[in-house]
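Structure, as structure tokens:
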Amino acid sequence: MKEKIKTITNNKIVKAIILLAIPIIIEILTFSKIEINKASIIRMGAIYAIYALAIIYTILNKYNTQIKKISEKLLKYRYPIALIILTLLVICKINFSSLDMWCSFLGEPEYRSTIFGKEKSIRSDEWLVTSMINLGQTKNEEGLKIYNENIASGNCNMIMTAAPVWDITSIAKPFNWGYLLFGTEYGFSFWWCLKIIALIMVSLELVLKITKKDKILSIAGAIILALAPTMMWWLSTAVVEGYILGLAVVVLFGYYMENLDWKIWKKLLIALGMIITIPGFAFTLYPAFQVPFAFLMAIFMINDFIKHRKELKKSDYLIMGGTITIILALIARFILVSWEDIKVMMGTVYPGSRFETGGDYTINNFISYFVCLFLPYTDKIINPCEPAANIYPFIGLAILIIAYIKNYKKDEDNNKGLLLALIILYAFFLIWEFIGVGKIIAKITFMYFSTTKRTNLVTGLIGTILAIMLLKKFENKSPLTKKQAIITSLIISILSITLAKSSQYSDFFTAIKLEILAIMMYAITYFLITGNKKAWCYTMCIIAIIAGITVNPIVSGTKVIYKTEISKEIRKIKEEEKDAIWIGRHNLNGQYLIANGVNCISGVNTYPNFDWLKIVDPEGKYNEVYNRFAHINIILSNKTEFRLLGQDIYEAELTYQNLKDLKVKYYFTNTELTEEMKKEFHITDKYIVKEKNQFIYEIN
């Protein structure tokens, strides 16, 4: 009888039927019945999805030799492949902007140019601010100058806004090179595509370095780091630029120190790379991220220097000295050109200067990575950028860290100092976030520039790097038995569900989301602590792709900015009256004007433009309102008044006399003015499309 049962269970068809029946059986046992509805389909689908992943893993395992060969080819020809992809993408004018948000504001849905994905309204710092300023800079008839007369009346330093400028400092702004070489649309595409490709390449180079060129782990690590929610949700910001340029410094310095026998011309090429990337990192001007990230950079570079310092030759010191001199000259140029603007920015109410001592991070903040898998597919979380974080098994990592420290003396790897230093830095950042430090330590370390939320972007990155390094260390030699690993992973999975249900995200997590979270945490923890490299890599790659690849849309061109009838009308008026001054009712109106190259004093000002503010408020009565980075709304009124609507937005009420004093000629709004208002402000219609709420008024 036993043999008969064994024969039946060994039958593949029977096994398949049993596996297919398990989700249905679970439904019946759990709910005492089976109903075909959305919830039940999702619950059963989650189990079938696990089956699918197991099948994929089995297939990948079967073709392990072929995968290794493909990996070798990809790594060997990674730079030619990257160059070809970049060229093709730029030729097709591909970008990853949420520009199509303008279709909704302008009432122009026919100008949508999204190929894949969906534009994100929350990324307003990109589609409303950065992209508009960069595009507007390229429309300056006088060229890419440091001060663009069309933006903030020529009072905004374009170097400080990271916009493209024909200046020697642009050597250190490689993402802007496309604007300088190829113009507006191709430059816009180059800015985005180079960022994505560089993000993947520097991540790949870093993992190659820390895993000693483990092919599978390096490619997987590059995907995990580059597609992390941290990177994807902050893609257009200084965070990602700082990450790319900072890691490029680490990689370049590492190549130099590890290859001191190279010919001089190769070393000079690396020196040129350092001349581009070190000032580039400094010019990102985001200390909240730069300071903690600089600690990470320093650890890698000091480690490389200590290991190879005795091999340095006189020529190496000459190259390093020359490189440092040029870098300092570029930074000095930046400071000298921007000093007055830096003083204005530092004197603002917001962002002004800050002094942080840490300690205000909570468990709610820390477990935000629980929601990251679902962020691209939900509108329930108002600002998904804030919880965006690196996904990695924190407790599983802690177990490996403890196991490694216990056996630290037995480790004969010459990189063990690097690993220990990263563990110490990781611990320090966790202390900074949850406990805090005194003012003296905060001052000495410069951590007072960084908030705990921004520090955690780097903490998550270090956690991921440590997970990769320790997985390599404990590959196929887990510190736990299989039984211990299963129990530990189950406990962590249950703990994750408990934390999620009692956190600020409790309303967000449905039953199916909790099930998915539990499966995810179990898998990434179990595969990590058992040293199953391939399974961990495949699982983490799938998670990274799901959580990151759909965050940013794939778009072709900038139609909604330059092809609409309203944009053509704006530029037509500009040709007729080149020096005319414009204002916009809302920040959106102002920014659209700026992108189309007209002289607009409103929109978004990186720091206050006191030239016009002192004209309408000579006594500085409203200085606390407008002395800040600000989105500016302007309404027509019979009085002059400024109102703060938020930390970075204010509304200015301006009179007819104010407009005449400012020499304002045109007012762009999406709200129709009354006949009484037109009469009071001597306004005539210039361009009116009521069905689309597009109104350009001329002030006489």
Side-chain angles (χ1 to χ4, degrees), residues 71-72 75-76 78 201-222 224-225 246-263 266-267 270-271 273-274 293-317 319-320 392 397-429 458 461-479 528-529 531 533 536-537:
S71 300
E72 287 172 3
L75 291 174
K76 184 177 180 180
R78 59 190 182 276
M201 296 304 288
V202 295
S203 300
L204 176 59
E205 292 293 347
L206 179 75
V207 185
L208 282 168
K209 179 182 179 67
I210 62 177
T211 62
K212 297 185 177 178
K213 300 187 177 180
D214 183 304
K215 297 175 180 62
I216 299 296
L217 194 52
S218 294
I219 292 174
I224 294 163
L225 289 172
L247 277 196
V249 172
V250 168
V251 170
L252 287 167
F253 187 76
Y255 269 119
Y256 191 102
M257 295 303 296
E258 290 165 7
N259 298 279
L260 290 170
D261 57 340
W262 274 1
K263 293 181 179 179
K266 287 186 178 181
K267 292 181 178 180
I270 291 180
M274 301 286 276
F293 197 79
F295 278 97
L296 178 63
M297 293 168 61
I299 283 176
F300 276 101
M301 295 172 75
I302 291 170
N303 179 69
D304 285 329
F305 182 78
I306 290 173
K307 283 199 298 184
H308 302 285
R309 68 189 186 282
K310 294 180 180 179
E311 304 166 35
L312 288 167
K313 306 180 187 70
K314 185 178 179 180
S315 59
D316 295 313
Y317 286 109
I319 291 171
M320 288 180 179
Y392 67 99
L397 173 62
I399 291 169
L400 291 192
I401 287 174
I402 293 168
Y404 177 74
I405 291 173
K406 283 177 66 177
N407 295 284
Y408 178 73
K409 290 182 179 179
K410 297 178 183 178
D411 188 3
E412 297 178 357
D413 192 337
N414 64 354
N415 254 347
K416 71 177 188 178
L418 171 65
L419 184 50
L420 184 62
L422 289 173
I423 291 171
I424 293 170
L425 182 62
Y426 184 63
F428 171 69
F429 283 162
V458 184
L461 170 63
I462 298 171
T464 309
I465 291 171
L466 285 173
I468 292 169
M469 293 179 77
L470 288 171
L471 179 63
K472 180 69 176 175
K473 288 280 182 189
F474 288 99
E475 183 180 356
N476 299 322
K477 47 182 178 181
S478 172
L528 180 70
I529 61 180
K533 182 180 74 174
W536 192 82
C537 287

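The basis for the numbers below is simple: all heavy atoms, side chains too, and nothing from hydrogens, waters or symmetry mates.
- Scanning both residues, V249 and M274, for their nearest heavy atoms gives O-SD, 3.8 Å.
- Side-chain contact check for I462 versus V458: some heavy-atom pair is nearer than 4.5 Å.
- Legend: residues meeting salt bridge (charged side-chain N to carboxylate O under 4.0 Å, His left out) with K267, ordered by chain and number and at least two apart, are D316.
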Determine, stepwise, if the pair L528 / Y392 fulfils side chain to side chain contact (heavy atoms under 4.5 Å, CB included).
CA-CA 10 Å; L528 180 70; Y392 67 99; over 6 Å; no
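- Of the inter-residue distances, the one linking L296 atom CG with L206 atom CG reads 7.5 Å to the nearest 0.5 angstrom.
- Here the side chains of Y426 and L422 are not in contact, with every heavy-atom distance at 4.5 Å or above.
- W536 is listed as a side-chain neighbour of I224, based on a closest heavy-atom distance under 4.5 Å.
- Under the rule for a salt bridge (charged side-chain N to carboxylate O under 4.0 Å, His left out), the partners of D304 that lie at least two apart in sequence or sit in another chain are K209.
- Of all the heavy atoms in T211 and L217, the pair that sits closest is CG2-CD2, 3.6 Å.
- Of the possible donor and acceptor atoms, none in the side chain of D411 sits under 3.5 Å from a partner among the backbone N and O of N407.
- The two atoms that bring F474 and L400 nearest to each other are CE1-O, 3.7 Å, heavy atoms only.
- Side-chain contact, K307 with N415: a donor N or O sits under 3.5 Å from an acceptor N or O.
- No side-chain heavy atom of Y408 sits under 4.5 Å from any side-chain heavy atom of L419.
- For the side chain to side chain donor-acceptor pair (under 3.5 Å) test with E311, the passing option among K313, R309, H308 is H308; the others fail.
- Considering only residues two or more places apart in sequence or on other chains, K266 meets the salt bridge (charged side-chain N to carboxylate O under 4.0 Å, His left out) condition with none of them.
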Apply the test side chain to side chain contact (heavy atoms under 4.5 Å, CB included) to residues F293 and L461: give CA-CA distance (whole Å), side-chain angles for both, the deciding distance (0.1 Å), then the verdict.
CA-CA 9 Å; F293 197 79; L461 170 63; 3.4 Å; yes
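- Using bins of under 30°, 30° to 60° and over 60° for the plane-to-plane angle, the ring pair F295/F429 lands in the perpendicular bin.
- Between the S218 side chain and the L204 main chain, no donor and acceptor come within less than 3.5 Å of each other.
- For I216 against S71, the heavy-atom pair with the smallest separation is CD1-OG, 3.6 Å.
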